[in-house]
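Notes follow the structure.
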Protein chains: 2
Amino acid sequence: MDLRDRRRKILKAVIESYIDTAEPVGSKTLADIFENAFSSATIRNDMSELEEMGYLEKPHVSAGRVPSYAAYRLYVNELMEKRHALSFEIEAMRRELENKLSEFEDLGLAASRIISAMSGQTGFSAVKTAGERVKRCELILCDDGHSYACVLLTGSEVKSRMIRLPFIVAPEDAAMLKAAINGCISENKLSLFLNMLARSVSAEEALFKLAEGVVRFIEETENESESVKLHVEGAEKILNMREFQDTRKARELMEYLSDKKVLSDILDSEDDTPVCIKIGPEIDEPRARDASFVFTTFTVDGARRGVVGIVAPTRMDYGKAIEYLASFRQAAKQLNPHKKTEE
Amino acid sequence: MDLRDRRRKILKAVIESYIDTAEPVGSKTLADIFENAFSSATIRNDMSELEEMGYLEKPHVSAGRVPSYAAYRLYVNELMEKRHALSFEIEAMRRELENKLSEFEDLGLAASRIISAMSGQTGFSAVKTAGERVKRCELILCDDGHSYACVLLTGSEVKSRMIRLPFIVAPEDAAMLKAAINGCISENKLSLFLNMLARSVSAEEALFKLAEGVVRFIEETENESESVKLHVEGAEKILNMREFQDTRKARELMEYLSDKKVLSDILDSEDDTPVCIKIGPEIDEPRARDASFVFTTFTVDGARRGVVGIVAPTRMDYGKAIEYLASFRQAAKQLNPHKKTEE
DNA sequence: TTTAGCACTCTCGCCCCCTGAGTGCTAATT
DNA sequence: AATTAGCACTCAGGGGGCGAGAGTGCTAAA
């Protein structure tokens with residue numbers, strides 16, 4: 001039995017036991033786990049070495065050992081057995097995604113709910129609607145005769161809104177308005193157009209109201225598309241965890257999670273691995289010291305991009321989390337009807 | 001000084017002091033509040049009467065008194081001084097609502113966020129999109145030449161979705177498809193139509209895919225429209241409160257709040273008062289014993305209806321909560337461009 | 001290099017006591 | 001009859017002391 005190897009085994013066992021029970025792990029417990037292949041004294045020696053190397057910590061002198069953040073990092077990088085997403089899991093995820101997506105329309109909301117429900121942990125998502133411009137608008141007269149459905153097309157999305165008017169606008173006028181607006185969109189002269197229109201018709205007139213509504217909708221859509229939307233779902237789940245029994249810690253984490261600005265910093269730091277892991281202090285934020293974030297980017301329709309992930313105590317089950325997220329990523333890809341799955 | 005009157009004053013003072021400090025209130029504190037208009041002994045006598053009447057409770061013998069649920073009920077019904085929504089507050093709320101609404105599009109999400117942010121408490125919302133049928137669909141060819149924006153009109157809403165196709169569908173074919181589908185919508189024969197179509201063209205064909213996409217979108221929209229969507233925002237805020245320092249209580253409440261089914265029960269119980277209040281055990285749910293719900297219905301555009309409210313400990317500031325919600329209600333009404341505000 | 005044995009340390013739960021806040025009752029006062 | 005002063009009583013909460021149990025590090029033997 002190679003010494004290095006035994007130490008790695010011991011470290012792995014400590015981490016896995018701690019993930020499972022949230023209790024510090026003692027030498028005797030470990031000896032049991034290894035069915036006394038080596039004695040508790042041997043294990044004590046190794047553990048004391050591992051402590052010096054910075055992988056283990058003692059809450060106090062007689063409490064067994066707890067993995068350090070460095071240990072978790074080593075664990076996810078090297079020690080952990082990597083499961084890979086099972087096809088039936090991907091399939092379940094895909095169905096769920098399809099359902100929820102039509103139920104919510106909001107991609108981020110759907111993503112965070114699914115991942116939270118499936119993993120039983122707190123889920124989060126950030127979706128940045130890439131800063132796209134509106135390319136074209138359409139106006140559709142509604143059956144009530146005095147409302148128009150305004151439809152905007154960007155490169156990859158449709159958005160629509162009802163514009164209600166106090167009076168009737170003739171379809172011909174609406175058609176003209178549409179043509180005029182579409183003409184101005186490309187040249188970025190919408191507000192100019194609105195000013196011009198204001199001079200030729202009264203501001204009270206329905207046609208003007210319609211124009212105003214359309215222009216505002218376009219502006220809002222373009223502005224919105226630059227923003228990032230964050231969701232946190234199932235926040236109560238992390239409260240069940242041992243480490244957040246301490247009310248102060250729980251509160252601080254909840255606060256951090258609802259602080260959208262800070263959270264988005266983490267997500268910006270995404271690297272190129274499919275599933276990214278941030279362990280405790282790797283996020284530069286004291287309130288998140290005891291939590292880890294596991295997340296992945298995903299695409300739907302090849303265009304709308306997002307980040308979805310799981311927040312849990314640092315002693316979370318990283319293997320499971322990675323598995324769920326990989327499944328989600330795959331599932332989202334399969335939703336895309338006009339591209340083949342690559343990976 | 002009429003005795004009845006004094007007792008009411010004392011009860012009011014107990015409640016308000018408790019709302020403020022979350023500490024049981026003793027006779028001496030009260031004597032101070034009344035600037036020794038009556039002695040602590042007198043107050044003790046009255047308090048003991050009030051206790052017998054069920055309005056006050058003792059956590060233990062030497063801890064001062066705490067209002068009972070009945071006391072809060074009496075307070076909101078009779079004792080409390082009713083503030084009314086200030087116009088500048090309504091105005092601020094309206095602006096906020098306009099912003100957020102365009103930012104989120106999701107009415108419920110916007111409502112819960114606004115009310116949570118403004119009140120500094122946990123906010124929630126439930127929006128039922130009244131079970132409306134799709135009346136008409138439109139298809140708009142996108143610039144990429146092989147995607148169609150599918151737009152659905154119900155009586156009061158527009159919904160849109162991009163349908164991407166692997167191949168090109170000729171605009172004439174799309175126009176025909178649209179006409180056919182619109183013909184079938186009113187007679188509820190969509191699935192029949194799809195079957196029929198399947199017989200005349202291959203299921204692989206783009207036209208069929210398009211038809212399928214449209215029909216699915218219609219079905220989803222109609223199903224969705226019967227559902228209720230719930231949001232809870234700023235859940236961490238209630239954790240700051242004294243009464244939820246107890247982790248078990250906090251967890252239970254959070255659990256209850258994320259249990260969408262149960263929460264919707266409360267909301268169904270809305271009565272006809274503009275702002276409805278449910279105090280602790282008035283909700284038949286042990287996990288919510290220590291919380292009160294203050295909520296109101298609102299309408300935007302005269303059509304989309306919802307419920308929005310505040311959850312807080314039973315000792316919340318009911319006056320403020322009511323004020324915020326009344327403001328919100330007003331603000332939502334003013335958003336509606338084609339109806340005059342009535343109230 | 002591994003293991004058995006042992007003394008040592010520290011947390012945690014328990015009990016006890018003390019203090020302070022607030023009460024209820026009684027008797028005196030208005 | 002209503003109010004008030006005075007006093008004995010109760011009880012939660014904090015602090016200190018104590019013992020049990022868990023786990024360690026060290027030493028010496030295998």
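Just so it is clear: chains get the letters A, B, ... in the order the sequence lines come, proteins before strands, and each one is counted from 1.
Nucleotide C:dT23 holds its P atom 12 Å from the CG atom of B:L50, rounded to whole Å. The nearest whole Å value for the distance from the CD atom in A:E57 to the C1' atom in D:dT24 is 17 Å. Put simply, CD1 on A:I43 is 15 Å from C1' on C:dT1, counting in whole angstrom units. Spacing between atom NE2 of B:H60 and atom C1' of C:dG24 amounts to 16 Å, rounded to whole angstrom units. Atom CD of B:E23 and atom P of D:dA12 are 16 Å apart (whole Å). One atom, CG of B:N36, and another, P of D:dT3, lie 15 Å apart when rounded to the nearest Å. The CD atom of B:E49 sits 11 Å away from the P atom of C:dG24 (whole-angstrom rounding). Between the CG atom of A:D32 and the C1' atom of D:dA22 there is a distance of 14 Å, given to the nearest Å.
With salt bridges taken as basic N to acidic carboxylate O contacts below 4.0 Å, one links B:R65 and B:E51. Using a 4.0 Å cut-off between a side-chain N of Lys or Arg and a carboxylate O of Asp or Glu, B:R73 and B:E282 qualify as a salt bridge. In summary, A:D290 and A:R315 do not engage in a salt bridge, as defined by a charged side-chain N under 4.0 Å from a carboxylate O. A salt bridge is defined here as a Lys NZ or Arg NE, NH1 or NH2 lying under 4.0 Å from an Asp or Glu carboxylate O, and B:E81 with B:K12 meets this definition.
Contact annotation: A:R65 side-chain N/O to D:dG25 OP1/OP2 distance is under 4.0 Å. When the side-chain nitrogen and oxygen atoms of A:R6 are compared with OP1 and OP2 of C:dT1, none of them lie within a distance under 4.0 Å. Remark: A:S40 is not in phosphate contact with D:dG23, judged by side-chain N or O atoms under 4.0 Å from OP1 or OP2.
For a distance-only test at 3.5 Å, the side chain of A:R44 qualifies as a donor-acceptor partner of the base of C:dG5.
Which of C:dT23, D:dG25, C:dT3 sits closest to the side chain of A:N45 comes down to C:dT3. Considering only the side chain of B:S62, C:dG20 comes nearest among C:dT3, C:dG20, C:dT11. The side chain of A:K58 has D:dG25 as its nearest neighbour among D:dG25, C:dT2, C:dT23. Here the side chain of B:V61 is nearest to one of D:dG25, D:dC11, C:dT2, namely D:dC11. The side chain of B:F38 sits closest to D:dT4 out of D:dT4, D:dT24, C:dT3.
Among the atoms of the strands shown, base atoms are found under 4.0 Å from some heavy atom of A:A41.
A residue-by-residue look at B:T42 and A:S48 shows that B:T42 has its nearest nucleotide of DNA chain D further toward the 5' end.
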Residues B:F38, B:F34; criterion ring pair (Phe, Tyr, Trp, His ring centres under 6.0 Å); working and verdict: CA-CA 7 Å; B:F38 6 89; B:F34 291 115; 5.3 Å; yes
